[in-house]
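To keep things clear, I will list the structure first and then write my remarks on it.
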Amino acid sequence: MSEETIGHGTWYDMMAKKVIERERSLNRDMSKVRTEMGLGASGFPHIGSLGDASRSYAVTLALKNLNCNSELIAFCDDKDGLRKVPAGISKDMEKYLGYSVSSIPDPFGCHESYGKHMSSLLLDALDKCGIEYKYYSAKQVYEEGLLLNEIRTILINAKKVGEIVKQEVGQETYTEVLPFFAVCEKCGHLYTTRAYKFDPKTDKVSYKCEGLEIRGKLIAGCGHEGEVDIKSGEGKLTWKSEFAARWKALDIRFEAYGKDIADSVRINDRICREVLCFEPPSHAKYEMFLDKGGKKISKSAGNVFTPQVWFNYGSPQSLLLLMLKRFVGTRTLGVSDIPAYMNELDSLEEVYFGKKQVGEKEATKLKGLYLYCYVMKPPAKPSVHVPYNLMAFLVKMAPKECLNDYVTEKLQSYGYLQKNQTLDANLLQRIKYALNWTRDFEEIKETEVELTAEEKKAIAELITKLQTEDDPDKIQNAIFNAAKDNAIKPGAFFKTLYQVLMGAPQGPRLGPYVLAMGKQNVLAALQRVLSKS
RNA sequence: GGGUCCGUAGCUCAGUCAGGCUAGAGCGGCGGACUCUUAAUCCGUAGGCCGCGGGUUCAAUUCCCGUCGGACCCGCCA
């Protein structure tokens, strides 16, 4: 029932407070409280991957705000094996199934490996959002032996680990097999090996390359039997123990996770506590993002909605707003939601700068949310807020040759810009988003227009008049006169003209627009429709 | 079989660190105004057992339990 606002009044502030309280009660060192996120490297990053990052980072920011030093660890899973070739990538890649993603080539040829290519896409999105992190590559972590102690402890206590897995999810594999994938020294596969013995004296794991079935597909093993030194980096813990090792080795205190790996987290919590004797990090479970069809947005399915797609139409901050606005709840989303988030961000900005009045409690919360969207680095002053639809409409109607001038003029006359104010960087960016949007989703269609006899006559008259008229107001008048002279309601006639000229039922004031569009073009279009019908 | 989320106006949804006045917004609908129309504007208006049933409370859309409906995740592997 406390009415006191914690931090910035968001969910993240509350979470940070809980983390701090928990760490205090555990009596742990608080000089640096680390949060962690996983960085997928086996497929195209999707919106959900960024959700993990942005929420963890928000907790880091909240911790800092509560005077608790914190940093976000981005742990890149580039040691994982390729399990499925994502849609959009050549089927040739199938020959690499079962190999570590950092050891197979980049199909796009621009990075040193497949894993690097994929993870860099997500890192790029993080950078655009202003999310700061400390980067760890799994490959490097294994090569440098950062997890050595944990790997040893886990392998020595493999029986207990297997027991935990069995108790938690009923899977019995690990009561027989060690939770470790060795890279086969003969064929190089990662997922085809079964580790069956660990010798603590030599640090060596004995394995046999037997093959693995993934979704009904068999990746053949080569039958090789060998040994691998866990110090060599030629192998990794399976997921049902690797988290635990990471948490302890990197001293992680908070990690958010999607509900799809809830089981794995539960198991790792126990391994962390019972085998590694390290109290696992605080957790927050979030729901998955679904696309409009209600299907989980998956890295390998064809329906990838990547951060890069978002950035075509909306700002990084608007994407963070989507991520941070709500923590619970399955979100269904699609590209079509972007304008709404852009507008909502503007509205938050108005609240933040005191231009829009809301209740005190609500204002605190909304301002906090705004700050998180800007990762605590808000602009010094608000930008010009042009509603997304309006901008899309304007760029759609604008003649291509003088787009910026046309938009500037319109924004001035609507009062969004002062009389001699011009487009700033923010507005130019908004124009870019709107252009991409209209180009991809609102292509102007050639619509067939049926004309009545009166309309034909009116258009013919208008054509004559237009040929000698160059004043916008007079052209506007000519249109009204052409309508009235032929007993057509002006409203209806305008509608017809809009249909003919731009395929929409309404549009900008026509007089000036005819000139902006180029009078010859308009005349040609009118003549075309006359000769057609 | 285990678990999670959702259910609020015709539609899309706010209302989740914190239970509190008469439950909101946008779009749509309906009625009206404006003979010179810039997502057209302006005015007015209807529409809700907040899925259902219990519980806690002075007070529940909000918290708890149950239930129905919808969706998803796990039950291979990671």
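Since the model is a prediction, treat every value here as computed from it, not as a measurement. We name chains A, B, ... by the order of the sequence lines, and we start the count at 1 in each one.
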Starting at atom [atom1] of [X], determine the distance to atom [atom2] of [N], rounded to an integer number of angstrom.
X	N	atom1	atom2	value
A/D80	B/rA78	CG	P	10 Å
A/F180	B/rA78	CZ	P	13 Å
A/I267	B/rG3	CD1	C1'	14 Å
A/Q167	B/rG75	CD	P	18 Å
A/E168	B/rC74	CD	P	17 Å
A/L348	B/rA14	CG	C1'	12 Å
A/L366	B/rC17	CG	C1'	14 Å
A/Y257	B/rC73	OH	P	17 Å

Integer angstrom distance from the [atom1] of [N] to that of [M]:
N	M	atom1	result
B/rA78	B/rG70	P	34 Å
B/rC42	B/rC5	P	42 Å
B/rU8	B/rC50	P	11 Å
B/rA25	B/rA9	P	14 Å
B/rG15	B/rC34	P	42 Å
B/rU62	B/rG19	P	12 Å
B/rG1	B/rC58	P	41 Å
B/rC13	B/rC74	P	24 Å

Of the listed nucleotides [options], the one nearest the side chain of [X]:
X	options	value
A/F181	B/rA39, B/rA18, B/rA78	B/rA78
A/K259	B/rA78, B/rU4, B/rC17	B/rU4
A/D263	B/rC74, B/rA78, B/rA39	B/rC74
A/M14	B/rC74, B/rC17, B/rA78	B/rC17
A/K285	B/rA78, B/rG3, B/rA18	B/rG3

Return the 5'-most residue of the pair A/Y191, A/V169 with respect to RNA chain B, ranking by each residue's nearest nucleotide.
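This one resolves to A/V169.
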
Residue met sooner reading RNA chain B from 5', once A/T364 and A/T238 are mapped to nucleotides:
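Of the two residues, A/T364 wins.
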
Is there a donor-acceptor contact under 3.5 Å from the side chain of A/N268 to the main chain of A/S264?
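Yes, the answer is positive, given that a donor and an acceptor are paired below the 3.5 Å cut-off.
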
Charged N to carboxylate O under 4.0 angstrom, [X] versus [Y]?
X	Y	answer
A/E461	A/K465	no
A/D13	A/K18	no
A/D263	A/R266	yes
A/D260	A/K285	no
A/E36	A/R253	no

Taking any heavy-atom pair under 4.0 Å as a contact, classify A/T173: base, sugar-phosphate, or nothing.
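Sugar-phosphate, backbone atoms only, no base.
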
Check whether more than 12 heavy atoms from other residues, nucleotides or ligands sit under 6.0 Å from atom NZ of A/K79, and answer yes or no.
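Yes, enclosed.
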
With both distances under 3.5 Å as the test, what is the Watson-Crick or G-U wobble partner of [N]?
N	value
B/rC63	B/rG55
B/rG24	B/rC13
B/rG1	B/rC74
B/rU38	none

Under 3.5 Å, which N/O atoms of the protein pair with N/O atoms of nucleotides 33-36 of chain B?
unit_1, atom_1, unit_2, atom_2, d
B/rC36, O2, A/N477, OD1, 3.1
B/rC36, N3, A/N477, OD1, 2.3
B/rC36, N4, A/N477, OD1, 3.3

Tell me whether the rings of A/F75 and A/Y136 are parallel (<30°), tilted (30 to 60°) or perpendicular (>60°).
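Ring orientation of A/F75 relative to A/Y136: parallel.
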
Should the pair A/W247 and A/F243 be assigned to parallel (<30°), tilted (30 to 60°) or perpendicular (>60°) ring geometry?
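Because their plane-to-plane angle is under 30°, the rings of A/W247 and A/F243 count as parallel.
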
Side-chain N or O of A/Y174 closer than 4.0 Å to phosphate OP1/OP2 of B/rA78
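Yes, such a contact exists.
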
